[in-house]
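Let me begin by presenting the structure, written as structure tokens, before commenting on it.
So that the names make sense, note that chain A is the first sequence line, chain B the second, and so on, each numbered from 1.
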Amino acid sequence: QALSTLDQHPITLPEKPALEGLEAKWTARWEADGTYRFDRNHARHEVYSIDTPPPTVSGSLHVGHVFSYTHTDVIARFQRMRGKAVFYPMGWDDNGLPTERRVQNYYGVRCDPSLPYDPSFTPPETPGKQAVSVSRPNFIELCTKLTVEDERAFEHLWRHLGLSVDWSHTYATIDTRAQRVSQTAFLRLLHRGIAYQLEAPTLWDVDFRTAVAQAELEDREQPGAYHRIRFARAEGGVVEIDTTRPELIPACVALVAHPDDERYKPLFGTEVTTPLFTVAVPVKAHTLADPEKGSGIAMICTFGDLTDVTWWRELSLPVRAVVQPNGALRPVAWGSPGWESRDAARAQAAYDQLVNLSAAKARTRIVDLLRESGDLVGEPRPITHPVKFYEKGDRPLEIITSRQWFFKTIELRDELLARGHELAWHPDYMRHRYENWVNGLSGDWCVSRQRFFGVPFPVWYPIKGDGTVDYEKRIVPEEARLPIDPSTDVPDGYTQSQRNQPNGFAGDPDIMDTWATSSLTPQIAGGWLTDADLFGRVFPMDLRPQSHEIIRTWLFATVVRAAREHKSLPWTNAAISGWVLDPDRKKMSKSKGNVITPMALLEEHGSDGVRYWAASGRPGTDTAFEPGQMKVGRRLAIKILNAAKFALMQASPRGAITEPLDRGMLTALSRLVRNSTAEFEAYDYARVLEQTERFFWSFCDDYLELVKARRYGDFTAEGAASANSAMLVALSALLRLFAPFLPFVSEEVWSWWRPGSVHRAAWPTPEEIVDAIGGEDEAAVQVFTQAQAALGEVRRIKAIGKRPVKAAIDRAVLPKQFLPLEPAAHDFRAAAHIRDLVFEHVEELQLTFAEPVPESRA
RNA sequence: GGGCGGUUAGCUCAGUGGUAGAGCACCGGCUUUACACGCCGGCUGUCACAGGUUCGAGUCCUGUACCGCCCACCA
């Protein structure tokens, strides 16, 4: 800011500046003043909009959240100071299994979707031993009630951390608006044939009893064992297969080997008989069979793994399913249609020992049976192998045939790759994860879950006269009716009494995958459907901040939905945060028991101190949890208080900035501002902090120390005026450079002498700084930088005091380096902390100042 | 098996072809009138390894090793 404007405000300094209490003071003030309120009276290009990740409120916030949300806030504050109207909403992810589990335990209830809504229901005071069954709407009410309390605690923490969120723009992924967006988008996809229903083998969690999507899988290395099993050949003899899942022998529908495998070529087209159950199954050829694995020939079961599904589909095999949704083997009447056996009595006798056992228990049992029957060759050979798990599950996934909703995504692959290319990634290499995922998509997106707390599918089905549900004839509501819950709401033309009756209707029992709703966060937060004016000003958004492990889920799904609904990207930039690692280099997480309460950290180190540590983490880079860095940040904040106090405590006289040291410092500062702005534009906030901090410490330790005597008036009034004015110009710019990182201390110091909030002040420009000295002063920069270097040398002379002074100066004060210092010589002579030693020998120094400059350096 | 990062001081990490850096930790000195929550100084390096390009490589290229993450078809 120009010198003249710096003169316009009175300076009010506290006796003893301190960080304590700044969070409470300024969060209240910012709220009262609406400092971070989004002003929608701006066109799209004047807006910077952020698709804030909605944290899962049923969990607790941990230091990883503080880390990544600080990154977003730093960017938001920068953009705001650059003059953008920043749209920075906050969402709460309260939709999904984690909340559901928490509510069940907290209130002692269980959701039963067949029950009618009870408006007068209140949960028991203390959860009873027996869970109380409640309707889905009642269950959702309890979820909402509990999450509201969680959200309050989260908001308090976020405010204390200093997030510059506009708290009038909040949403929850289960709230009415989100449900309406989610259901509307679903119905539109349904009408366009992009959402479809299919009865098909699906990955299934037997504990949660729900389908899960490809994106929610993880592989875990599990102990297992190869079992070599004999199948009887029709013409006599046996064929041996290896399997890790012998309990699925009753579900075996074929054997398969590679078409080029000479060992098994003679068997293709023949039948073999399964052990124990004596079922005749064909031997087939398929290229997915690996001759190197096991005995080279595999058993196909319905269904042991995803390869089984592929074989089953491509080889047109029948289904013989034994695993139930709860993971136990279902009762089977051997000899009945589909379960034909050469010896049904023997099959039944064997199977009766397995029925209703879990897969793991059935495996143990069948091994005994196979051993007794002589069909087990040798003993099981232990191995460890990757097994697919639901990421939140405890038991391996099964594959169960069920009716599920899907969104077509495979057909979109090329467009999705193009969108990923179009998106600006920070850091850029994160785009590979997305491309990797899109290229590896193996099926359409299964979006239905057999759970309760979520957005229901807004669909009913007519029931035929014979009482069967007609899934082909869906009944869907008008968009204007949304959101609806088909388990309690009644379709037009029906009455409640016709629910689940012949010639009546049935509601779709499922809910949507949590990503099916959270993939619409830009639409939910931006007011799609409800506030077209707002939506037009914020969408597509500017920034999606998120962590890298959910690129394949949240980021991917959001890109899919925007491509479908808006034919665009949902945002132009994706900023990917790394993880916080504990001292063992492991990701900090609740399960590992190494999580530190964020509020305790903020109280110990101050929000600015914690933010300093967080903002030092570069985009995408995993960062060690390091309280030491928080202490450093806290010290920096304290230093800012004290340096500002020094600059402001005797801020007159003021006047033209004439001294070379002052002019050089400001020119260097203008270059810092130029670089910082470019780095911030490139989302490299950590570098801005690092370089600003470096400049600031030198500003304190070198510049302020050198000009101290001059500003106190030891020389001329003009010299003092030059120093005072330069310090004010520098302080103004430095405070604004620090403001995105250290919002509390910056605001505190700003309030001593500047009007308004620093967070609404204009981001500094190189021009405003050099304007104060009438343009860049390159010669003065040399004085300034040489002064910094020379000061270091001079300090060493002092420290080496025991050596002969002449030798020390010869070593340290390289004459050629000192030439540009002559204009600052009086500052050097006056600098208190070096005066005592060095300038006893001022004669020597003056001699060195007089050395001519070598040609090579001129 | 495929992909992506990383490897620099005891620790955490910057380093954008041109004399190896910062902070922390450690050791020593200093009540110095903004700050002892401060200031000053010191110690600490086969820049993972091997080749190559270049006048010059921590930096660019090739390969190897190790660490981490993402993905993949569980016989």
Side-chain angles (χ1 to χ4, degrees), chain A residues 13 16-19 217-222 224 226-227 229 241-246 248 255-257 288-290 293-301 303-311 383 385-389 396-397 399 427 429-437 439-440 442 548-549 551-552 578-579 581 583 585-587 613 616-618 620-629 631-632 634-650 686-687 690-691 693-694 697 700-701 704-705 708 712 791-792 795-801 831-836:
Chain A
L13 290 183
K16 175 81 179 163
L19 297 180
L217 307 183
E218 64 183 32
D219 283 356
R220 296 182 198 161
E221 281 293 327
Q222 295 285 303
Y226 277 129
H227 304 74
I229 307 292
I241 61 109
D242 276 318
T243 180
T244 56
R245 300 204 58 185
L248 292 180
L255 299 190
V256 65
L288 276 182
D290 181 356
K293 255 186 182 171
S295 60
I297 185 165
M299 118 180 136
I300 304 176
C301 304
F303 297 92
D305 62 33
L306 290 173
T307 319
D308 281 342
V309 178
T310 306
W311 282 328
I383 55 163
H385 59 159
V387 178
K388 287 202 187 312
F389 280 73
L397 291 170
I399 296 170
Y429 60 75
M430 285 294 176
R431 71 173 66 249
H432 295 292
R433 304 227 179 171
Y434 172 87
E435 286 168 4
N436 213 343
W437 175 253
N439 280 321
S442 61
H548 52 67
E549 83 273 21
I551 288 174
R552 63 169 176 165
W579 283 339
L581 304 178
R585 311 301 295 165
K586 299 283 186 224
K587 182 192 177 189
W613 160 76
S616 305
R618 284 169 159 66
T621 305
D622 294 345
T623 299
F625 174 74
E626 223 190 331
Q629 282 300 104
K631 292 191 172 75
V632 171
R634 183 181 171 80
R635 277 182 28 204
L636 172 62
I638 292 169
K639 191 76 174 176
I640 291 171
L641 288 177
N642 286 307
K645 181 183 165 195
F646 172 77
L648 296 170
M649 65 191 293
Q650 188 183 310
R687 180 182 288 275
E690 182 193 343
Q691 302 199 344
E693 181 193 16
R694 185 188 303 276
W697 280 107
C700 292
D701 297 341
L704 291 184
E705 292 297 337
K708 191 176 278 181
Y712 279 136
L791 200 48
R795 283 166 179 154
R796 272 184 281 277
I797 295 172
K798 183 184 174 190
I800 312 168
H833 65 284
I834 52 178
R835 176 170 47 195
D836 58 340

Sticking with atom P, work out how far B:C27 lies from B:G18, rounded to a whole angstrom. 37 Å
I need the CD1-P distance between A:I551 and B:C69, as an integer number of Å. 15 Å
Base, sugar-phosphate, or nothing for A:M299, non-hydrogen atoms under 4.0 angstrom? nothing
Let me know the distance between CZ of A:F303 and C1' of B:C73, rounded to the nearest Å. 16 Å
Could you work out the separation of B:A9 and B:C4 based on their P atoms and round it to a whole Å? 26 Å
How far, in whole Å, is B:G17 from B:A36 if one measures between their P atoms? 43 Å
Do A:K708 and A:F646 form a cation-pi contact, if we require the NZ or CZ to be under 6.0 Å from the six-membered ring centre and within 45 degrees of the ring's axis? yes
Which whole number of Å gives the distance between the C1' atom of B:G58 and that of B:C49? 14 Å
Separation of B:C13 atom P from A:E693 atom CD, nearest Å, is 16 Å
Looking at B:A36, B:C69, B:A14, which one has an atom nearest to any side-chain atom of A:K16? B:A36
Does the pair A:E690/A:R687 count as a salt bridge with the N-to-O cut at 4.0 Å? no
What does A:R552 touch in the nucleic acid at a heavy-atom separation under 4.0 angstrom: a base, only the sugar-phosphate, or nothing? sugar-phosphate
For A:D305 and B:C73, give me the distance from atom CG to atom P, rounded to whole Å. 9 Å
Assign A:D290 to base, sugar-phosphate, or nothing according to its heavy-atom contacts below 4.0 angstrom with the strands shown. base
Determine which nucleotide pairs with B:C49, using a 3.5 Å limit on both distances of a Watson-Crick or G-U wobble pair. B:G63
Scan A:A644 against the nucleic acid and name what it touches under 4.0 Å (heavy atoms): base, sugar-phosphate only, or nothing. nothing
Check the orientation of A:W613 and A:F625. Use parallel for under 30°, tilted for 30 to 60°, and perpendicular for over 60°. perpendicular
Taking only N and O in the side chain of A:R635, is any of them less than 4.0 Å away from OP1 or OP2 of B:C24? yes
Whom does B:C39 pair with, Watson-Crick or G-U wobble, provided both distances fall under 3.5 Å? B:G29
Is there, by distance only and without an angle test, a donor paired with an acceptor across the side chain of A:K388 and the base of B:C74 below 3.5 Å? no
Identify whether any heavy atom of A:C301 sits under 4.0 Å from a base atom; if not, whether one sits that close to sugar-phosphate; answer base, sugar-phosphate or nothing. nothing
Between A:Q691 (CD) and B:A14 (P), how many Å, whole number? 13 Å
Watson-Crick/G-U partner (both atom distances under 3.5 Å) of B:C69: B:G3
Between C1' of B:G38 and CG of A:L636, the distance in whole Å: 14 Å
Counting any heavy atom closer than 4.0 Å, what does A:R245 reach on the DNA or RNA strands: base, sugar-phosphate only, or nothing? nothing
Separation between the C1' atoms of B:C74 and B:G45, rounded to whole Å: 48 Å
Heavy atoms under 4.0 Å, any strand shown: does A:V632 hit a base, just sugar-phosphate, or nothing? sugar-phosphate
Can you tell me how far CZ of A:R220 sits from NZ of A:K388, rounded to the nearest 0.5 angstrom? 12.0 Å
Considering only side-chain heavy atoms of A:W579, which listed nucleotide, B:C74, B:C69, B:G23, is closest? B:C69
Of all the nucleotides listed (B:C35, B:G23, B:C74), which has the minimum atom distance to the side chain of A:E626? B:G23
Would you say A:R694 places a side-chain N or O within less than 4.0 Å of OP1 or OP2 belonging to B:G23? no
Which nucleotide in the set B:C71, B:G23, B:C13 lies at the smallest distance from any side-chain heavy atom of A:A624? B:C13
Partner nucleotide, any strand, of B:C24 [Watson-Crick/G-U, under 3.5 Å]: B:G10
Rounded to whole angstrom, note down the P distance from B:G56 over to B:G51. 16 Å
If you look at every strand shown and take non-hydrogen atoms under 4.0 Å, does A:W613 touch a base, only sugar-phosphate, or nothing? nothing
In Å and rounded to the nearest 0.5 Å, what is the CG to CG distance from A:L13 to A:L641? 11.0 Å
Could you work out which one of B:C71, B:C39, B:C73 sits closest to the side chain of A:D701? B:C39
Identify, between A:A643 and A:L19, the residue whose nearest nucleotide on RNA chain B lies closer to the 5' end. A:A643
When rounded to whole Å, the CG to P distance for the pair A:L248 and B:C74 reads 16 Å
Please work out if A:L397 contacts a base, only the sugar-phosphate, or nothing of the nucleic acid, heavy-atom cut-off 4.0 Å. base
Of A:T621 and A:N436, the one whose closest RNA chain B nucleotide lies more 5': A:N436
Closest to the A:H432 side chain: B:C74, B:C69, B:C4? B:C4
B:G58 - base-pair partner by Watson-Crick or wobble geometry, distances under 3.5 Å: none
Using the P atom as the reference point in each nucleotide, state the distance between B:C55 and B:C40 in Å, no decimals. 43 Å
Considering only atom C1', compute the distance from B:U59 to B:U7 and round it to an integer number of Å. 15 Å
Among B:G38, B:C69, B:C74, which is the nearest nucleotide to the side chain of A:H385? B:C74
Check the distance between B:U7's P and A:D622's CG and give it to me in whole angstrom. 13 Å
Heavy atoms only, 4.0 Å cut-off, all strands: where does A:I241 land among base, sugar-phosphate and nothing? nothing
